[in-house]
Amino acid sequence: MAIEILEAVTIRLEFEKGLDEKGIPIVKRKSFSKVKTDAASDDILAATEAIAGLQMHPLAKVAQIGTTILSN
């Protein structure tokens with residue numbers, strides 16, 4: 001059976017900057033790496049909301065991206 005080890009976590013915030021000429025949302029992304037692998041989802045969300053409060057554009061989406069190593 002494979003063993004999964006979470007090696008790294010990155011969070012990506014997406015902000016809506018407005019609409020283009022076709023009415024499609026313009027999205028700006030900011031990523032933060034080296035997030036603690038044992039950080040709770042609630043804590044990560046609280047941190048992203050604090051970061052979003054410092055931005056000019058509204059927060060549209062938060063993604064948590066994990067890199068996992070598989071071994072035997």
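In this chain, numbering begins with 1 at the start of the sequence shown.
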Check each of T10, I11, L13, I65 against S31 using the side chain to side chain contact (heavy atoms under 4.5 Å, CB included) test, and report the only one that passes. T10

Inter-residue atom distance [X].[atom1] - [Y].[atom2], 0.5 Å rounding:
X   : Y  : atom1 : atom2 : value
L70 : I3 : CG    : CD1   : 10.0 Å
I69 : L6 : CD1   : CG    : 9.5 Å
T68 : E4 : OG1   : CD    : 6.0 Å

Holding to side chain to side chain donor-acceptor pair (under 3.5 Å), I want the full list of residues that pass it with Q64, two or more places apart in sequence or in another chain. none

Side chains of residues 43-54: which donor-acceptor pairs under 3.5 Å do they make with residues two or more places apart or in other chains?
{"residue": "T48", "atom": "OG1", "partner": "I44", "partner atom": "O", "Å": "3.4"}
{"residue": "T48", "atom": "OG1", "partner": "L45", "partner atom": "O", "Å": "2.7"}

Would a single hydrophobic cluster contain both L59 and F32, if residues Ile, Leu, Val, Met, Phe, Trp and Tyr are joined by side-chain heavy-atom contacts under 4.5 Å? yes

State, with a plain yes or no, whether a side-chain heavy atom of K30 is found less than 4.5 Å away from one of Q55. yes

Do E14 and R29 have side chains that approach each other closer than 4.5 Å (heavy atoms only, starting at C-beta)? yes

What donor-acceptor contacts under 3.5 angstrom involve side-chain atoms of residues 33-42, with partners at least two apart or in another chain?
none

